[in-house]
Enquirer: 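Provided herewith is a single structure, encoded as structure tokens, for subsequent inquiry.
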Amino acid sequence: MTTTKDLSKHPCFNRESAGSCGRVHLPVAPKCNIMCNFCNRKYDCVSESRPGVTSAVLTPEQAVLYMEKVLEKEPRITVVGIAGPGDPMANPEALETIRLLKDKYPQMLFCLSTNGLALPKNAAELAELGVTHVTVTVNAVDPKIGAKIYAWARDGKVILRGEAAAKLLLERQLEGIRILKDKGVIVKSNTIVIPGVNDQHVLEVSKKLSELGVDIQNIMPIFPVADTPFADVPTPSAEMIKDLREKAGGLVPQMSHCKRCRADAVGLLCNDRSGELAPLLGECSRTVPGADLDKRPYVAVATREGMLVNMHLGEAHKFQIWKQEDIGFAYVEDRWAPDPGAGPRRWEELAKVLSDCRAVLVAAYGETPRKVLTAHGVLPYECSGFLETALAEVYGAGDLSLLKSRKKGLGKACCGGAGGGEGCGG
């Protein structure tokens, strides 16, 4: 039976519903495929409310569990969003999460925010999955200006820089929006105003968005963040933003109630509860749905030196096994990984080798092993740094920001909207 959805119940796209309809952002998309010059990839900033920051990252299975618990706490949720902390289209987990949730919650509106680089190849599938609202961040429609905003863009294994990166990004954004509109998806565009860079270009962006049939534009000021090329750029004045919105309003409808939501935002726009529910999010991020953790006392680690998590899952020929004690952690033994020549069976065999482990800590992993290991109750954690810090988080006694913090680049680094990263925006 087909469920008719009330599209007006998205508080970001319809201001009238903002006081009665809530949203939850599921942070299942840690990786990003571009680098913005306003992006500082800090992972968790407790005092900050901006796109790209989150207190934990969830697997798709954990996201389902978290969703169940969130609805018990906040039944006014009408929207399930994926807005980072990286770009959803750079993370297969984003679409998998929607697949897992759409049949269980058919009445929900599903939305996501993206920089648009990988949107064309995913746009049709988004529509088929029932995604009703998509936000695409478009900061420039001139590659010369875009080259000042983006440091690089990664297309598959190719990294482009300068105007080449900005040109490709723009082409993909425009193509992706066209496909979404052809499929009947409601599209919002975020445009970040950067004085001295694109502030005189915003109306050109609005004109192009109007030609594409974009439903609403969110012109938002950059909030300069430390340790970025735009750290010293002045924040646009309220008068500047108001003036731009008034002028652009003649081209495309304008949003004026944006709260610059975190990648783990939850609740009403006027009453965000992400801080209150952060412990619940952290609890779910450490849970392997369906697994009995009492029978899984150990954690496996892919390491070269012994005190650091620094090996890719596929590279590890053996794993250290650790356990928690009354004070600290204790090394148990080494276990050899299955023969790489086993092909796909390798991950099934690895799951057996680690059958008494609740998690495996690695520098990186692929989508296939993640699915296989998670299905067998072994949760892969992608992290780097000191072993004890990572173990403390897995066992629920540590600071997630220490485990998940990343150097600027790819991986589980956050990237927030105007002051974090291009893929996010809400």
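Numbers here are sequence positions counted from 1.
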Enquirer: Go through E348 and H376 one step at a time and tell me if the side-chain contact (heavy atoms from CB on, under 4.5 Å) criterion holds.
Expert: CA-CA 8 Å; E348 296 283 350; H376 286 273; 2.7 Å; yes
Enquirer: Any heavy-atom pair between the side chains of E93 and I82 that's under 4.5 Å?
Expert: no
Enquirer: As a quick check of understanding, evaluate side-chain contact (heavy atoms from CB on, under 4.5 Å) for Y365 and L373, giving each step before the final call.
Expert: CA-CA 11 Å; Y365 56 78; L373 292 174; over 6 Å; no
Enquirer: With a 3.5 Å distance limit and no angle check, can you tell me whether T191 reaches the backbone of V138 through a side-chain donor-acceptor pair?
Expert: yes
Enquirer: What is the minimum heavy-atom distance between A316 and A302, and which atoms define it?
Expert: CB-CB, 3.9 Å
Enquirer: Between atom CG of L129 and atom CG of L101, what is the distance when rounded to the nearest 0.5 Å?
Expert: 11.0 Å
Enquirer: For E68, enumerate each residue passing the side-chain hydrogen bond (donor to acceptor under 3.5 Å, both in side chains) test, keeping only those at least two apart in sequence or located in another chain.
Expert: K104
Enquirer: Measuring from atom CD1 of I77 to atom CE of M67, what distance do you get when rounded to the nearest 0.5 angstrom?
Expert: 6.5 Å
Enquirer: Using side chain to side chain contact (heavy atoms under 4.5 Å, CB included) as the criterion, list what pairs up with H201, not counting sequence neighbours.
Expert: A140, V141, D142, I145, N198, E204, V205
Enquirer: Taking R358 for the side chain and V394 for the main chain, is one N or O donor matched with an acceptor at less than 3.5 Å?
Expert: no
Enquirer: Find out whether F38 and I149 are in side-chain contact, i.e. whether some heavy atom of one side chain is under 4.5 Å from a heavy atom of the other.
Expert: yes
Enquirer: State the OG1-CH2 distance between T368 and W347, to the nearest 0.5 angstrom.
Expert: 9.0 Å
Enquirer: Quick check: does any side chain N or O of N91 sit under 3.5 Å from a backbone N or O of D87, one acting as donor and the other as acceptor?
Expert: yes
Enquirer: Step through the shown structure and confirm whether more than 12 heavy atoms of other residues, nucleotides or ligands are within 6.0 Å of CD on E388.
Expert: no
Enquirer: Closest heavy-atom contact between E382 and A363?
Expert: CG-O, 3.2 Å
Enquirer: Measure across T114 and G116 and return the closest heavy-atom pair with its distance rounded to 0.1 Å.
Expert: OG1-N, 3.0 Å
Enquirer: Do E61 and K371 sit within salt-bridge range, that is, some charged N less than 4.0 Å from a carboxylate O?
Expert: no
Enquirer: So, E125 and R99, do they make that salt bridge, N to O below 4.0 Å?
Expert: yes
Enquirer: May I ask you to decide if I327's main-chain N or O and E325's side chain share a donor-acceptor pair within less than 3.5 Å?
Expert: no
Enquirer: Grab the two heavy atoms, one from V309 and one from A390, that are nearest each other, plus how far apart they are.
Expert: CG2-CB, 4.3 Å
Enquirer: Please evaluate residues F319 and L350 with respect to the criterion side-chain contact (heavy atoms from CB on, under 4.5 Å), reporting the C-alpha separation (whole Å), side-chain torsions for both, the decisive distance (0.1 Å), and the verdict.
Expert: CA-CA 10 Å; F319 296 87; L350 180 59; 3.6 Å; yes
Enquirer: Between Q173 and N115, is there a donor-acceptor pair closer than 3.5 Å when you use the side chain of the first and the backbone of the second?
Expert: yes
Enquirer: Under the side-chain contact (heavy atoms from CB on, under 4.5 Å) rule, what do N190 and N139 come out as? Steps first, then yes or no, please.
Expert: CA-CA 7 Å; N190 285 348; N139 295 320; 6.0 Å; no
Enquirer: For residues L160 and A165, report the shortest heavy-atom separation together with the two atoms involved.
Expert: O-CB, 3.3 Å
Enquirer: Under a 3.5 Å distance rule, please check whether K181 uses its side chain to pair with a backbone N or O of V185 as donor and acceptor.
Expert: yes
Enquirer: Could you state the interatomic distance from CG (L26) to CG (D264), rounded to the nearest 0.5 Å?
Expert: 10.0 Å
Enquirer: Any side-chain to backbone donor/acceptor pair from T303 onto L308? Under 3.5 Å, distance only.
Expert: yes
Enquirer: Hey, what do you get for CG (D215) to CD1 (I177), rounding to the nearest 0.5 Å?
Expert: 10.5 Å
Enquirer: I222 versus P236: any side-chain heavy-atom pair under 4.5 Å?
Expert: yes
Enquirer: Short question: side chain of N218, backbone of K188 - any donor-acceptor pair under 3.5 Å?
Expert: no
Enquirer: Scan for side-chain hydrogen bond (donor to acceptor under 3.5 Å, both in side chains) pairs involving residues 327-336, sequence neighbours excluded, and state none if there are none.
Expert: K318-D334, Y331-D334, E333-R335, R335-D356
Enquirer: Which of these, T59, V70, V64, L65, sits in a side-chain contact (heavy atoms from CB on, under 4.5 Å) with C284?
Expert: L65
Enquirer: Just so I know, are the side chains of T97 and V80 near enough to count as touching, which here means a heavy-atom distance under 4.5 Å?
Expert: no
Enquirer: Kindly give the heavy-atom pair with the smallest separation between K183 and A124, and that separation in Å.
Expert: CE-CB, 4.1 Å
Enquirer: When you compare the side chain of V299 with that of Y381, does any pair of heavy atoms fall below 4.5 Å?
Expert: no
Enquirer: Under 4.5 Å between any side-chain heavy atoms of P380 and R370, yes or no?
Expert: yes
Enquirer: Can you tell me if R304 uses its side chain to pair, donor with acceptor, with the backbone of N310 under 3.5 Å?
Expert: yes
Enquirer: Would you check if there is a donor-acceptor pair between the side chains of K31 and N33 at a distance under 3.5 Å?
Expert: no
Enquirer: With distance as the sole test, does R296 use its side chain to make a donor-acceptor pair with the main-chain N or O of S355 at under 3.5 Å?
Expert: yes
Enquirer: Output the distance between atom NZ (K148) and atom CG (N37), rounded to the nearest 0.5 Å.
Expert: 11.5 Å
